[in-house]
Amino acid sequence: MPRARVLSGVQPTGALHLGNWLGAIRNWVELQDSHDTFFCVVDLHAITVPHNPAQLADDTRSTAALYLACGIDPTKATVFVQSQVPAHSELCWLLNCVTPLNWLERMIQFKEKAVKQGDQVSVGLLDYPVLMAADILLYDADLVPVGEDQKQHLELARDIAQQRINARFAPKDAEGEPIPVLKVPEPLILKEGARVMSLTDGRSKMSKSDPNEGSRINLLDPPELITKKVKRAKTDPVMGLEFGNPERPETDNLLGLYALLSGKGRDAAASECADMGWGTFKPLLAETLVEALRPIQERYNDFNADPGELDRVLKDGRERANAVAQATLNRTRAALGFLP
Ligand code: AMP
Ligand code: TRP
């Protein structure tokens with residue numbers, strides 16, 4: 001039995017934060033032993049909003065280095081850069097031509113980002129989910145681990161594969177049964193830690209695009225900065241911490257982070273902190289965060305000290321990814337009737 005295939009990716013826009021780690025990359029690390037894993041740095045997605053060309057390459061390398069620093073092992077997983085595998089752009093075009101415009105116009109993330117961009121919205125921003133579908137479908141992925149916010153994009157990828165490609169273009173075998181062109185993927189959304197909220201507003205998610213640096217903890221933040229951000233994090237005047245109180249979203253979030261990163265779990269953390277004041281809890285949380293991020297930061301610095309090692313990993317990843325992606329692209333081209 002071949003192992004189930006997993007594909008996921010993160011954009012190289014700005015520094016990766018706790019949400020990216022706990023909602024995405026941490027889960028990848030667990031999957032690499034049991035699954036056939038592909039993890040890409042989705043740099044083509046990063047230019048769907050205005051970007052700085054002087055920074056794109058550095059951000060791409062740094063994101064890849066953070067994958068490795070978080071525990072992705074290139075002897076087990078294929079780590080690569082999206083733009084270095086041209087099949088992503090090409091399959092995206094083929095899928096564009098069968099995807100109804102109104103499927104894209106109703107994407108929540110597009111609507112949110114479009115509001116922020118005003119009249120500067122690019123066609124690429126609208127097309128973002130089709131490129132993401134291409135990323136996934138090229139690798140015949142069975143499972144796609146993502147945060148909750150990406151669920152709608154995943155459903156779109158499934159609909160494109162199923163309704164727009166397989167249902168219309170599948171070739172028939174000798175018995176007249178259709179042979180699916182693209183594999184229909186499943187989302188893998190992990191509950192605990194799946195949504196890390198902003199430190200300054202417990203009702204909105206921690207995000208790279210929040211203009212307030214104090215709203216997030218970046219994976220490469222030094223200990224003093226982590227402590228400072230935790231100290232300034234929004235709280236409430238209530239004594240004692242608890243889960244699940246809708247009036248106290250910040251408390252829920254901070255206690256959740258403590259439960260997860262201390263390794264104690266939710267029940268133990270909730271009883272430990274039930275009568276704790278913020279003056280005791282915040283230093284405890286800061287310490288826990290610093291300790292959890294320390295090994296990641298150390299490994300990241302090792303990769304920075306030896307850039308050749310990262311280049312080798314990405315070259316090897318590109319070759320492996322390219323072989324798989326090209327085969328799927330060829331299959332799709334053939335199904336759509338292109339000259340070989
Ligand atoms: P992005 O930072 O939007 O490129 O997201 C990269 C990955 O991290 C995706 O799988 C997201 O779902 C996940 N992610 C981003 N922000 C958060 C967050 N605040 N909580 C949990 N997961 C997140
Ligand atoms: N859209 C995803 C995000 O913002 C990133 C992404 C692009 C992705 N292509 C993907 C995630 C393919 C999973 C699979 O998080």
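Atoms within a ligand are numbered from 1 in the order they appear, just like the ligands themselves.
- Close approach to Ala24 involves these atoms of ligand 1, each under 4.0 Å from a residue heavy atom: 7 (C), 8 (O), 10 (O).
- We find that Arg248 and Asp236 are joined by a salt bridge, their nearest charged nitrogen and carboxylate oxygen being less than 4.0 Å apart.
- With Phe80 as the aromatic partner, Arg318 does not meet the cation-pi criteria of under 6.0 angstrom to the ring centre and within 45 degrees of the ring axis.
- For ligand 2, the atoms closer than 4.0 angstrom to any heavy atom of Val146 are 11 (C), 13 (C).
- Short contacts between ligand 1 and Lys208, defined as distances under 4.0 Å to a heavy atom of the residue, involve ligand atoms 1 (P), 2 (O), 4 (O).
- Ranking protein heavy atoms by distance to atom 1 (N) of ligand 2, first place goes to Tyr128 OH, 2.6 Å.
- Of all atoms in ligand 1, numbered sequentially from 1 with element shown, those under 4.0 Å from a heavy atom of Gln11 are 4 (O).
- Between Phe39 and Trp28, the two ring planes are parallel [angle under 30°; tilted spans 30° to 60°].
- A 4.5 Å side-chain heavy-atom check between Arg5 and Leu143 finds every atom pair outside the cut-off.
- Within 6.0 Å of atom CG in Asn52, more than 12 heavy atoms from other residues, nucleotides or ligands are found, so the atom counts as buried in its surroundings.
- For the residues Ala46, Gly9, Ser8, Pro145, the heavy atom positioned nearest atom 6 (C) of ligand 2 is part of Gly9.
- For ligand 1, one of its N or O atoms has an N or O atom of Gly19 under 3.5 Å away.
- Residue Val196 has at least one heavy-atom neighbour below 4.0 Å for each of these atoms of ligand 1: 18 (C), 19 (N), 20 (N), 21 (C).
- Contacts of Gln82 with ligand 2, taken as heavy-atom pairs under 4.0 Å, are absent altogether.
- Neither the backbone nor the side chain of Asp149 comes within contact range of ligand 2; no heavy atom lies under 4.0 Å.
- Ligand 2 has no atom lying under 4.0 Å from any heavy atom of Val10.
- Residue contacts with ligand 1 for Met197 are absent, since no atom lies close enough (heavy atoms, distance under 4.0 Å).
- Of all atoms in ligand 2, listed by their number and element, those nearer than 4.0 Å to a heavy atom of Val144 are 13 (C), 14 (C).
- The side-chain tip of Arg266 points at the ring of Phe243 from less than 6.0 angstrom away and within 45° of straight on.
- For ligand 1, the atoms closer than 4.0 angstrom to any heavy atom of Gly23 are 21 (C), 22 (N).
- Compare Asp135, Val6, Leu7, Leu131 by their heavy atoms: the one nearest to atom 14 (C) of ligand 2 is in Leu7.
- Between Asp36 and Lys76, none of the side-chain N atoms (NZ, or NE/NH1/NH2) sits under 4.0 Å from a carboxylate O, so this pair counts as no salt bridge.
- Remark: distances from the non-hydrogen atoms of His17 to ligand 1 include one below 4.0 Å.
- One finds a salt bridge joining Arg61 and Asp311 here, because a Lys/Arg side-chain nitrogen approaches an Asp/Glu carboxylate oxygen to under 4.0 Å.
- When only interatomic distances are considered, the shortest N/O to N/O separation between Met206 and ligand 1 falls below 3.5 Å.
- Contact atoms of ligand 2 toward Gln11: 4 (O) (distance under 4.0 Å to a heavy atom of the residue).
- Counted by atom type alone, Asn218 and Glu213 present one or more donor-acceptor pairs between their side chains at under 3.5 Å.
- Among Asn20, Asp149, Ile25, the residue whose heavy atom sits closest to atom 12 (O) of ligand 1 is Asp149.
- With ring centers used as reference points, Tyr139 lies under 6.0 Å from His88.
- Judged by distance alone, the side chains of Asn245 and Asp252 never bring a donor and an acceptor atom under 3.5 Å apart.
- Using a 4.5 Å cut-off on side-chain heavy atoms (C-beta onward), Lys172 and Glu177 make no contact.
- The closest non-hydrogen atom to atom 3 (C) of ligand 2, taken over His153, Lys208, His45, Gln150, comes from Gln150.
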